[in-house]
Amino acid sequence: MPEVNVNRRRFLRQSFAFSAAAALNLPGMIASAMPVPGGEADLLMIGDWGWDANGHPENAAGQRGVAQAMQRYVADNPLRTDALLFLGDNWYGALDGGVNSPRWQAQFEDLYPAGIFNVPAYAILGNHDYQKWPESKVEAELAYASTGKSRWTMPSRWYRFEFPRKNPLITFLAVDTNLPSIDGHPAKAPSFSMEPELVTEQLAWLETELRRPKATPFLAVMGHHPLYSDGPHGDHRLLIESWDPLFRKYKVDFYLAGHDHDLQHLEFEGHPTSFFLSGGGGADLYNLKIEPQQRGPYAQKVYGFSHLSVTKKEVTLRHLDSSGRVLHAFTRTPSGKITILNS
Ligand SMILES: [Fe+2]
């Protein structure tokens with residue numbers, strides 16, 4: 001297992017081809033009136049979105065604002081959305097009625113409407129989905145997908161899919177990061193998390209999937225908890241110990257996460273993986289714990305969503321806010337060259 005010393009990691013300031021404005025990480029510096037071009041597959045993602053506003057989900061203004069921005073974004077740009085990615089903490093608070101809860105219609109079907117997003121919505125589980133309120137929402141989320149009547153796609157706690165469907169360019173491994181711990185501290189393990197047998201089973205599956213010869217130029221893992229985060233939850237010791245060596249060994253290109261209620265993009269010297277966090281989908285925002293100038297290239301406390309666009313040549317990832325403004329964007333080639341975009 002390679003040594004993982006989080007504190008001594010250094011942000012690759014010198015090795016990126018990015019502008020001074022992007023380096024300064026100034027919000028809004030890369031807003032552009034230019035239309036965003038579509039790739040061969042375009043996916044929009046959010047995390048931490050099904051906010052209950054202290055028992056009054058009808059007041060979840062942050063979630064509504066982001067959802068409306070996503071709708072405007074695809075209307076205003078020549079984009080065909082191929083999928084939505086929901087990065088966990090899908091439901092805060094109670095989901096009364098489980099699979100029959102009216103919140104499915106009000107906060108999923110209506111806010112991300114099939115009239116605009118008539119595509120699969122790949123979802124993974126976060127800690128709030130496991131959280132008992134008074135019951136865990138995990139079974140309801142799996143059951144809602146299994147009805148086959150919705151775009152909600154969660155065939156199991158972990159699964160694989162690829163895009164585009166024909167001649168795929170990117171493989172996604174969707175995983176369950178709810179290891180028995182709180183933010184990587186096993187001593188604080190809550191009563192709502194994966195069973196230890198499932199943790200072992202998933203790890204074996206993940207390694208088997210990663211060991212396969214790469215069938216696509218790009219490989220992304222998506223899980224709710226970040227391995228590294230500048231937000232208040234911080235770096236996740238257990239995931240770093242268990243999964244980071246696999247990401248390095250098998251050269252995972254992207255790790256997509258949520259959990260902290262902000263938007264981030266972190267790069268570490270010598271690490272083959274770009275860490276991308278999209279947790280601004282609707283839940284209340286919290287202050288960052290690490291200043292974005294210390295590790296980066298980007299972290300911001302803001303509501304928003306993210307856009308992953310893939311071509312044979314590169315993947316472009318963008319963070320956008322509730323007004324549809326691009327806050328941060330970068331491209332990554334199959335060889336791992338990263339370019340921060342400034343327009
Ligand atoms: Fe979370």
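- Heavy atoms of other residues, nucleotides or ligands lying less than 6.0 angstrom from NZ of Lys289 number more than 12.
- No salt bridge links Glu162 with Arg165; every basic N to acidic carboxylate O contact stays at or beyond 4.0 Å.
- The aromatic rings of Trp49 and Trp91 lie tilted to each other, with the angle between the two planes from 30° to 60°.
- No donor-acceptor pair under 3.5 Å is formed between the side chain of Asp321 and the backbone N or O of Val302.
- Here the side chain of Asp89 pairs a donor or acceptor atom with the backbone of Asn127 at under 3.5 angstrom.
- A side-chain donor-acceptor contact under 3.5 Å links Thr216 to the backbone of Thr171.
- A distance of 4.5 Å separates CD in Glu141 from CE in Met154, rounded to the nearest 0.5 Å.
- For the pair Arg295 (side chain) and Ser229 (backbone), a donor-acceptor distance under 3.5 Å is present.
- A donor-acceptor pair is defined here as one N or O able to donate and one able to accept, closer than 3.5 Å; such a pair exists between the side chain of Asp42 and the backbone of Gly39.
- Under the side chain to side chain donor-acceptor pair (under 3.5 Å) criterion, Gln105 pairs with Asp110, sequence neighbours left out.
- Ring geometry, Phe86 versus Tyr112: the interplanar angle exceeds 60°, so the pair is classed perpendicular (tilted spans 30 to 60°).
- Sorted by first and then second residue, the pairs that involve residues 124-143 and meet ring pair (Phe, Tyr, Trp, His ring centres under 6.0 Å), not counting sequence neighbours, are Tyr92-His128.
- Ser278 contributes no side-chain N or O that, together with a main-chain N or O of Gly258, makes up a donor-acceptor pair within less than 3.5 Å.
- Taking the six-membered ring for Trp and thresholds of 30 and 60 degrees, Phe254 and Phe218 have ring planes inclined between 30 and 60 degrees apart.
- In this structure, Phe275 and His271 have perpendicular ring planes: the angle between them is above 60°, well past the 30° mark.
- Atom NZ of Lys249 sits in a sparse spot, with 12 or fewer heavy atoms from other residues, nucleotides or ligands closer than 6.0 Å.
- In terms of the side chain to side chain donor-acceptor pair (under 3.5 Å) criterion, Ser146 has no residue partners (sequence neighbours excluded).
- At most 12 heavy atoms of other shown residues, nucleotides or ligands fall within 6.0 angstrom of atom CZ in Arg80.
- For the pair Ser136 (side chain) and Lys132 (backbone), a donor-acceptor distance under 3.5 Å is absent.
- Under a hydrophobic-cluster definition in which Ile, Leu, Val, Met, Phe, Trp and Tyr are linked whenever side-chain heavy atoms come within less than 4.5 Å, directly or via other members, Leu239 and Ile290 are assigned to different clusters.
- Looking at Ser101, its side chain does come within 3.5 Å of a backbone N or O of Arg103 through a donor-acceptor pair.
- Ion pairing between a basic and an acidic side chain is recognised when a charged N comes within 4.0 Å of a carboxylate O; Arg160 and Glu209 show such pairing.
- A perpendicular orientation is assigned to the rings of Phe163 and Phe161, their planes being inclined by more than 60° (bins at 30° and 60°).
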Could you go through residues 180-190 and list every donor-acceptor pair under 3.5 Å that involves a side-chain atom there, pairing it with any protein atom two or more places apart or in another chain?
{"residue": "Ser181", "atom": "OG", "partner": "Gly184", "partner atom": "N", "Å": "3.1"}
{"residue": "Asp183", "atom": "OD1", "partner": "His259", "partner atom": "NE2", "Å": "2.6"}
{"residue": "Asp183", "atom": "OD2", "partner": "His233", "partner atom": "ND1", "Å": "2.6"}

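- At least one donor-acceptor pair under 3.5 Å links the side chain of His224 to the backbone N or O of Leu87.
- Think of Leu277 as one node in a network of Ile, Leu, Val, Met, Phe, Trp and Tyr side chains linked at under 4.5 Å; it has no links at all.
- Here the side chain of Lys137 pairs no donor or acceptor atom with the backbone of Leu95 at under 3.5 angstrom.
- A single hydrophobic cluster is not seen to contain both Leu285 and Leu288; linkage of ILVMFWY side chains at heavy-atom distances under 4.5 Å, directly or through other members, places them apart.
- Judged as a salt bridge (charged side-chain N to carboxylate O under 4.0 Å, His left out), and not counting sequence neighbours, the contacts of Glu109 are Arg151.
- Phe108 is connected to Ile116 through a chain of hydrophobic side-chain contacts under 4.5 Å among Ile, Leu, Val, Met, Phe, Trp and Tyr, so both are in one cluster.
- Residues Tyr298 and His265 keep their aromatic ring centres 6.0 Å or farther apart.
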